Asks: 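Here you go, one structure.
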Amino acid sequence: MKNPYQILFHVLLFAGCLLPTLSNAQAVDSIIVTGRIRNLSARLYREASAVLVSRNNILQANRELVRPAPLNVDGTFRVSLPLIYPQEEMYFNYGRISTAFLAAPGTLTIELDADSLFSVAVPFRFGGVNAQVNQQFARYKAFEATYPKTTGKTLSTQVENLGDAAAFSLVSSTYQGAFLAFARKEKPFPLLTRWVGFSNRYNAATFIYDKATFENEALPKALNDSLRPPNDQLLSAARATAMNQFAKYATQRVSADANTRTNGLTVRALSIMLERYGKNLTAEERLRLDDYAMTNSARPADLRFFDGLVKRNPDTLQRLVNYETLIQRSIRQFDSTSVNYLAAYWLASSLPGLTVDFARLLYDYGRPQVKDPQLAQSVDELYRLEVKDSTRIRAAIQTLKKAGNKASALEISPGVFVTKSTLGRGSDLLDAVINANRGKVIYLLFLSPSDEAGRQAALDAQRLRNEYSPRDFSLIYLPLPGTDQSLWPEMATRYNLSGDHLLLNDTQLFDAVDRLRSEGELSATVINRTGKIVKRNAPLPGAFDEAKKLLDKSL
């Protein structure tokens, strides 16, 4: 499960999943989760006044989509969640108590007794959909907790001299060991056998894909059905993780293919793209593009014509060209089912690093290429999360634009303060923000908005901020400028990144970060109450305890 901050953050995000879909795809059904925490005390209620139910998205394994279910005074709760797959692994969390369960269309009940939450191995009582399977799964997880575990390091040593098929077989058997031991003790239901067995199989697939990616080696096609079982209609966290790891492996293989081929984009694809998204096209240019699309061929001399059209709108068209090129190159190496997943994955993974306008553009282009209905629904779900606050985001950007070339601690969204100036030195602007926070300990985060690690660090930093009083602590974000100046302000607004945001251009940034001596595009600096740097390249916010320990010393 995610840490508490990430859960709360995704509670806010998942609200958008209940809005009507923006495309023709519809969730196949939904599940209603109800239940009761008996003997709920006032103390427990104060500690946690809601249960959390979460689910996966097959395109983003690192994100749990969470719905809160407020507790009534008698301890009862009720929440409805959409389903994309016929069977989906979901998660129930109350305080420090959590469990996975298998959801299907209908109603599922979960009951707990507050008096025995921490004194019994299986505190959950299931009813409704998949009740017997979920109850047996809870007993299996209690058994698994006592079963000897094999570390990843040990597995890596064991498969060191094995071929890929033998390595997969060994790893699969190792992961399946606990369940086989449980099955000797208690006969499992067939659905539980499938659920746990496939999860172990996907965990093994993740290991093999990770190994192949690390070693930069291609896996034999004979393993495809073992690593990615066809027609699987059960979505688990293990499956989502394995498919994401496959996409990373495939991206590496496609990139290697780029080194041996001059181009991955067909003339037809490029022509259609330019005609649809090109700027200021003349009637003659559109006619030429129609001809190229029909013949799917062009002479080397025609490349100058294409290049000229791309340069009229480089940011937009280059993103689309890159996306289409990945798909075209993947077609040479993978089957249609795999290519369909990759098209959906690359689309979904690009959205968090785009402005609302670019996200709409890429979605408009890429979504029709995702043919599998469940993958299409998965894309729609993630897209809705990215654009659901578009009105609020546009208002924030408009506020920033009205400020012109200079803004000093301008609040563009509640708690989001922006400082910028097209004139002056970057070090002076940095000093101005630091001086405005004198008397507080400052945690300055330097990051790249287009990098997933940077975006996650920005979210994690909010947990640090929430740990301290605003009188004692200040959070400053210093993002790399990038090509789109509105990207970071949009992200700060979308994710409610409270704090001071210093927006610098390239020249100003070099001037400012010289003092920080950052070791990369992601780093943290701690500044004491008097404005003196006490730690460069400090622990990142994801290392919460280490970062907090350092901050506490300066308070």
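All values below come from the heavy atoms of this structure, side chains included, with hydrogens, waters and symmetry mates left out. It should be emphasised that the depicted structure is a prediction, and the values quoted were computed from it without experimental measurement.
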Asks: Do the non-hydrogen side-chain atoms of P188 and Y140 ever get within less than 4.5 Å of each other?
Replies: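 No; the side chains remain at least 4.5 Å from each other.
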Asks: Between E467 and R463, is the closest basic N to carboxylate O distance under 4.0 Å?
Replies: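 So R463 does not pair with E467 through a salt bridge.
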Asks: Is R96 close enough and on-axis enough to F118, meaning under 6.0 Å and within 45°, for cation-pi?
Replies: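 The answer is yes, since R96 meets both limits relative to F118.
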Asks: So, does T193 use its side chain to make a donor-acceptor pair with the main chain of F189 at under 3.5 Å?
Replies: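 Judged by distance alone, yes, a pair lies under 3.5 Å.
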Asks: Establish, from distance only, whether the side-chain atoms of Y363 and D380 form a donor-acceptor pair under 3.5 Å.
Replies: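 Yes, because at least one side-chain N or O of Y363 sits under 3.5 Å from a partner of the opposite role on D380.
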Asks: To the nearest 0.5 Å, how far apart are CZ in R194 and CG in L234?
Replies: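 Between atom CZ of R194 and atom CG of L234 there are 5.0 Å.
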Asks: I'd like to know whether CD of E186 has more than 12 heavy-atom contacts from other residues, nucleotides or ligands below 6.0 angstrom.
Replies: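 More than 12 within 6.0 Å, yes.
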Asks: Is the side chain of N200 donor-acceptor paired with the backbone N or O of V196 at a distance under 3.5 Å, no angle test?
Replies: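 Confirmed, N200 side chain pairs with V196 backbone.
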Asks: Hey, are E519 and R536 close enough for a salt bridge, meaning a charged N less than 4.0 Å from a carboxylate O?
Replies: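 No.
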Asks: Identify the two heavy atoms, one from A104 and one from V129, that lie closest to each other, and give their separation to 0.1 Å.
Replies: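 Looking at all heavy atoms of both residues, the shortest contact is CB-CG1, 3.5 Å.
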Asks: Apply side chain to side chain contact (heavy atoms under 4.5 Å, CB included) to the pair F124 and N134, showing each step before the final yes or no.
Replies: CA-CA 9 Å; F124 308 98; N134 285 319; over 6 Å; no
Asks: Would N203 and T241 count as a side chain to side chain contact (heavy atoms under 4.5 Å, CB included) if you check the C-alpha gap in whole Å, the side-chain angles of each, and the deciding distance to 0.1 Å?
Replies: CA-CA 8 Å; N203 286 332; T241 300; 5.9 Å; no
Asks: Compare every heavy atom of L475 with every heavy atom of S498, then report the nearest pair and how far apart it is.
Replies: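 Smallest interatomic distance, heavy atoms only, reads O-CD2, 3.7 Å.
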Asks: Taking C-beta and beyond as the side chain, do V441 and D472 meet within less than 4.5 Å on heavy atoms?
Replies: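 V441 vs D472: side chains apart.
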Asks: Are E386 and R494 side-chain neighbours, meaning at least one heavy-atom pair lies under 4.5 Å?
Replies: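 Yes - at least one pair of side-chain heavy atoms lies under 4.5 Å apart.
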Asks: Let's go through Q369 and I327 carefully: what are the C-alpha distance in whole Å and the side-chain angles of both, what is the deciding distance for side chain to side chain contact (heavy atoms under 4.5 Å, CB included) to 0.1 Å, and is it a yes or a no?
Replies: CA-CA 10 Å; Q369 301 195 51; I327 295 174; 3.7 Å; yes
Asks: Grab the two heavy atoms, one from A204 and one from S172, that are nearest each other, plus how far apart they are.
Replies: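 Nearest heavy atoms, A204 then S172: CB-OG, 3.3 Å.
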Asks: Distance-only, no hydrogens or angles: does the N528 side chain make a donor-acceptor pair with backbone N or O of K532 under 3.5 Å?
Replies: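 Here the side-chain-to-backbone pair exists.
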Asks: When you measure from the side chain of N340 to the backbone of K371, do you find a donor-acceptor pair of N or O atoms at a distance under 3.5 Å?
Replies: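 Checked: pair present.
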Asks: Taking the six-membered ring for Trp, are F77 and F92 ring centroids under 6.0 Å apart?
Replies: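 Yes, the ring centres sit under 6.0 Å apart.
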Asks: Nearest 0.5 Å, please: how far is OH in Y477 from CG in D500?
Replies: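 So the gap between those two atoms works out to 11.0 Å.
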Asks: Rounded to the nearest 0.5 Å, how far does OG1 of T174 lie from CD of Q158?
Replies: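 Separation between the atoms: 5.5 Å.
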Asks: Under 4.0 Å between a side-chain nitrogen and a carboxylate oxygen: does that hold for K549 and D545?
Replies: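 Salt bridge between K549 and D545, a charged N being under 4.0 Å from a carboxylate O: no.
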Asks: Taking N244 for its side chain and A61 for its backbone only, find out whether a donor-acceptor pair lies under 3.5 Å.
Replies: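 It does hold such a pair.
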Asks: Spell out, as yes or no, whether a donor-acceptor pair under 3.5 Å connects the side chain of N56 to the backbone of A238.
Replies: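 Side chain of N56 to backbone of A238, a donor-acceptor pair under 3.5 Å: no, none is there.
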Asks: With ring centroids as reference points, do F101 and F137 lie under 6.0 angstrom apart?
Replies: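 Not close enough - the centres of the two rings lie 6.0 Å or further apart.
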Asks: Considering all heavy atoms of both residues, which atom of I31 and which atom of L108 are nearest to each other, and what is their separation?
Replies: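 So the two residues come closest at CD1-CB, 3.9 Å.
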Asks: Quick one: pull up OG in S554 and CD1 in I442 and give me the separation to the nearest 0.5 Å.
Replies: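 Taking OG in S554 and CD1 in I442, the distance rounds to 11.0 Å.
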Asks: Is a salt bridge present between R55 and E381, judged by a nitrogen-to-oxygen distance below 4.0 Å?
Replies: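 The answer is yes: the pair qualifies as a salt bridge.
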Asks: Any side-chain donor paired with an acceptor under 3.5 Å for Q462 and N466?
Replies: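 Their side chains do not contain a donor-acceptor pair, so the 3.5 Å distance test is not met.
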Asks: Taking the side chain as C-beta and beyond, is there a heavy-atom pair between F168 and R201 under 4.5 Å?
Replies: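 Side chain of F168 against side chain of R201, heavy atoms only: contact under 4.5 Å found.
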Asks: I'd like to know if the side chain of E88 and the backbone of L235 have a donor-acceptor N/O pair within less than 3.5 Å.
Replies: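 Checking the backbone N and O of L235 against the side chain of E88, no donor-acceptor pair under 3.5 Å is found.
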Asks: Is any side-chain heavy atom of L192 less than 4.5 Å from a side-chain heavy atom of W195?
Replies: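 Sidechains of W195 and L192: in contact.
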Asks: Using 0.5 Å steps for rounding, measure from the CD atom of Q333 to the CZ atom of R253.
Replies: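 So the CD of Q333 and the CZ of R253 are separated by 6.5 Å.
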Asks: Does a donor on one side chain and an acceptor on the other come within less than 3.5 Å for N62 and Q456?
Replies: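 The answer is no; no qualifying pair exists.
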Asks: Around K149, counting heavy atoms of other residues, nucleotides and ligands shown, do more than 12 lie under 6.0 Å from its NZ?
Replies: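 Check passes, neighbour count above 12.
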Asks: Can you tell me if N322 and T325 form a side-chain donor-acceptor pair at under 3.5 Å?
Replies: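 T325 and N322 do not have a side-chain donor-acceptor pair below 3.5 Å.
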Asks: Under 6.0 Å from the CZ atom of R139, do we count more than 12 heavy atoms belonging to anything else shown?
Replies: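 Atom CZ in R139 is packed in, count exceeds 12.
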Asks: What I'd like to find out is whether the side chain of T337 reaches to under 4.5 Å of the side chain of P230, using heavy atoms alone.
Replies: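 No. Closest side-chain heavy atoms not under 4.5 Å.
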Asks: For this output row, return yes or no: ring centroids of F334 and F246 closer than 6.0 angstrom.
Replies: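 Ring centres of F246 and F334 closer than 6.0 Å.
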Asks: Pairing donors with acceptors under 3.5 angstrom, does anything connect the side chains of R228 and Y209?
Replies: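 Note: R228 and Y209 side chains meet the donor-acceptor criterion.
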Asks: Whether the side chain of Y249 engages the backbone of L219 through a donor-acceptor N/O pair (distance < 3.5 Å, no angle test) should be reported.
Replies: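 Yes, because the side chain of Y249 sits within donor-acceptor range (under 3.5 Å) of the backbone of L219.
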Asks: Count the heavy atoms of every other residue, nucleotide or ligand shown that sit under 6.0 Å from CD of E47, and state whether that count exceeds 12.
Replies: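 For E47, atom CD is crowded (more than 12 foreign heavy atoms under 6.0 Å).
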Asks: Please check if the side chain of Y323 supplies one atom and the backbone of A343 the other of a donor-acceptor pair under 3.5 Å.
Replies: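 Judged by distance alone, yes, a pair lies under 3.5 Å.
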Asks: Please tell me if the side chains of L464 and F544 come closer than 4.5 Å, counting only heavy atoms from C-beta onward.
Replies: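 A side-chain contact exists here, since the closest heavy-atom pair is under 4.5 Å.
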Asks: Strictly distance-based, threshold 3.5 Å: is any side-chain N or O of Q252 a donor or acceptor partner for the main-chain N or O of T213?
Replies: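 Confirmed, Q252 side chain pairs with T213 backbone.
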Asks: What closest approach, in Å, do G520 and F446 show between heavy atoms, and which atom pair accounts for it?
Replies: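 Heavy-atom minimum between the residues: O-CE2, 3.6 Å.
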Asks: With a 4.5 Å cut-off on side-chain heavy atoms, are S199 and E89 touching?
Replies: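 Contact flag for E89/S199 side chains = yes.
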Asks: Can you check side chain to side chain contact (heavy atoms under 4.5 Å, CB included) on Q245 and F207, steps first, answer last?
Replies: CA-CA 9 Å; Q245 193 58 49; F207 181 94; over 6 Å; no
Asks: If you round to the nearest 0.5 Å, how far is CG of L65 from CG of L385?
Replies: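 With rounding to 0.5 Å, CG (L385) is 6.0 Å from CG (L65).
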Asks: CZ of R517: more than 12 outside heavy atoms within 6.0 angstrom?
Replies: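 For R517, atom CZ is not crowded (no more than 12 foreign heavy atoms under 6.0 Å).
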Asks: Can you spot which of I37, N93, L112, V33 makes a side-chain contact (heavy atoms from CB on, under 4.5 Å) with V51?
Replies: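 Among I37, N93, L112, V33, the one that satisfies the side-chain contact (heavy atoms from CB on, under 4.5 Å) with V51 is I37.
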Asks: Should K141 and E144 count as an ion pair when the cut-off is N to O under 4.0 Å?
Replies: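 Salt bridge flag = yes for E144 with K141.
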Asks: Closest heavy-atom contact between L445 and A461?
Replies: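 So the two residues come closest at CD2-CB, 4.2 Å.
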